[in-house]
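Below you'll find the structure, written out as structure tokens, and then a few comments.
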Amino acid sequence: MDLLRSQNDLYSIRMRAAEGGPHERGGRHISGAERLLTKEELALEAQALVRRALSHPKGTADFIRITIDKIPQESIQRIPLLAIKATDVASIEEGHTKVYKLLHKEIHLPRKVVKKAWETILTAGGKMRGAALLDAFTGDRLDNTGDRGVRVSRMGFANPKDMEFWLEAHHYKGEHIREALVLASKVLSAKGVLGELCLSDDPDYITGYVSYGQTYHRISRLKEFGSPVGGRVFFVEPETDVRALKVYLEEQPVLVTNG
Ligand code: WAQ
Ligand code: MG
């Protein structure tokens, strides 16, 4: 049990970095991150995030913003970690077929919605720093955030040390999956979200995932090495209160627990 994390106030730390000026003035998104930390962890993690922004495969940031807010312990919700299912595919085509099977045959999203999700990710070209919310029935875009997207924030593992150990033991290596598991768990815990499709925008990271129900389906290959394409789409049930959903995703602090 992580006593420091479960008994004290925590701090939300958010980083966003761009090249060619700030995002809001047309800079190209390079990297972002969000975590919930103890006071003791803040300084070292801020340093790590600066380093990450300055040595990213997408480019070198010339704008870095780090925001830190104190989060009262009583406002933090606990949510469960998703189960992980991994599929190794031999080609990108096989990867895309797997995505289609999950989204269309399992979640029953209409074909046109799956198509719209890929279009959204492909046309964003790795420029978005957040996710697009799509109506799971019509494929219409529900958020009005354009190229920015909805950025999920204020989240972390309840027991990061245990999780690191557990992930290592299961040969799930690196920061990408660690961060994606936290994000995907928060996203599926939101009222109205049926599923997610994610593809990293990092040119050297080709593994992506589809999540729905209680499961994170990681798919080993969804794009070419070197491709800047990437993004996230959240599939939202029709009639969902989109404003409340945005507030939950962006603002509600959550800690992800593993059993
Ligand atoms: N909230 C909403 N959307 C986000 C967020 C966020 N906090 N962070 C990233 N995105 C969107 C944004 O459009 C990015 O362009 C896109 O997702 C990809 O972000 O099991 O690394 O941080 O090994 O590049 C998947 C791990 C890794 C698969 C995904 O995403 C595995 C990844 P990246
Ligand atoms: Mg990235």
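The model shown is predicted, which means the values in this text are computed figures rather than measured ones. Indexing begins at 1, ligand by ligand and atom by atom, following the structure's order.
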Problem set entry | the Mg ion (ligand 2): protein N, O or S atoms [distance under 2.8 Å] |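 Result, waters dropped: D201 OD1, D202 OD1.
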For this session: Any ring pair (Phe, Tyr, Trp, His ring centres under 6.0 Å) involving residues 86-136? Give me the pairs, sequence neighbours left out, ordered by first then second residue.
Result: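 Listed once each, the pairs are H96-W118, Y100-H104.
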For this session: Scan for ring pair (Phe, Tyr, Trp, His ring centres under 6.0 Å) pairs involving residues 234-259, sequence neighbours excluded, and state none if there are none.
Result: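 Found none.
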Can any side-chain N or O of [X] pair as donor or acceptor with the backbone N or O of [Y] at less than 3.5 Å?
| X | Y | answer |
| --- | --- | --- |
| T240 | V236 | no |
| S185 | L82 | yes |
| R151 | R129 | yes |
| S211 | Y216 | no |
| D143 | L133 | yes |

Exercise. Does the gap between the ring centers of Y205 and H176 come in under 6.0 Å?
Worked result: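 So the answer is yes for these two rings.
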Check [X] against ligand 1 and report side chain, backbone, both or neither, counting heavy atoms closer than 4.0 Å.
| X | result |
| --- | --- |
| Y172 | neither |
| L199 | backbone |
| R218 | side chain |
| C198 | side chain |
| V150 | backbone |
| E179 | neither |

Regarding ligand 1, does [X] bring an N or O atom to under 3.5 Å of one of the ligand's N or O atoms?
| X | answer |
| --- | --- |
| F234 | no |
| Y205 | yes |
| M155 | no |

Hey, looking at [atom], which of [options] has the closest heavy atom?
| atom | options | value |
| --- | --- | --- |
| atom 6 (C) of ligand 1 | L183, T120, V187 | L183 |
| atom 8 (N) of ligand 1 | K173, E196, R151 | R151 |
| atom 33 (P) of ligand 1 | D147, T207, D201 | D201 |

For this session: For the residue pair H170 and W166, categorise the inter-ring angle as parallel (less than 30°), tilted (30 to 60°) or perpendicular (more than 60°).
Result: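 Tilted, since the angle between the ring planes falls between 30° and 60°.
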Exercise. Which word best sums up how the rings of H217 and Y212 line up, parallel for under 30°, tilted for 30 to 60°, or perpendicular for over 60°?
Worked result: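 Parallel.
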For this session: Go through the side-chain N and O atoms of E41 and Y11 and say whether any donor and acceptor fall under 3.5 Å apart.
Result: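 There is no such pair (donor and acceptor under 3.5 Å, judged by atom type) between the side chains of E41 and Y11.
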Problem set entry | Test item: side-chain donor near acceptor, H23 and R16, under 3.5 Å |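 Yes, a side-chain donor-acceptor pair sits under 3.5 Å.
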For [atom], closest protein heavy-atom neighbour:
| atom | answer |
| --- | --- |
| atom 28 (C) of ligand 1 | Y216 OH, 3.3 Å |
| atom 9 (C) of ligand 1 | R232 NH1, 3.2 Å |
| atom 13 (O) of ligand 1 | G130 O, 2.7 Å |
| atom 21 (O) of ligand 1 | H176 CD2, 3.0 Å |
| atom 4 (C) of ligand 1 | R129 O, 3.7 Å |

Under 4.0 Å to a heavy atom of [X] - the qualifying atoms of ligand 1, by number:
| X | answer |
| --- | --- |
| I177 | 20 (O), 23 (O), 31 (C) |
| E34 | 7 (N) |
| M128 | 12 (C), 13 (O), 14 (C), 15 (O) |
| V152 | 1 (N), 2 (C), 6 (C), 7 (N) |

Exercise. Which atom names give the shortest non-hydrogen contact between F137 and P110, and what distance separates them?
Worked result: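 Nearest heavy atoms, F137 then P110: O-CG, 3.5 Å.
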For this session: Please confirm whether G231 comes under 4.0 Å of ligand 1, counting heavy atoms of the residue only.
Result: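 So G231 counts as touching ligand 1.
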For this session: Report yes or no: do I121 and L102 belong to one cluster of Ile/Leu/Val/Met/Phe/Trp/Tyr joined by side chain heavy-atom distances under 4.5 Å?
Result: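 Yes; L102 is reachable from I121 via cluster members.
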Problem set entry | Sequence-distant partners of D241, salt bridge (charged side-chain N to carboxylate O under 4.0 Å, His left out), two or more places apart |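 Salt bridge (charged side-chain N to carboxylate O under 4.0 Å, His left out) check on D241 returns nothing, list empty.
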For this session: Check the pair E237, D135 against side chain to side chain contact (heavy atoms under 4.5 Å, CB included), reporting the backbone distance first and the verdict last.
Result: CA-CA 6 Å; E237 251 174 307; D135 183 300; over 6 Å; no
Problem set entry | Flag if over 12 foreign heavy atoms under 6.0 Å of CG, D147 |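 Counting neighbours around CG of D147, 12 or fewer heavy atoms of other residues, nucleotides or ligands fall under 6.0 Å, so no.
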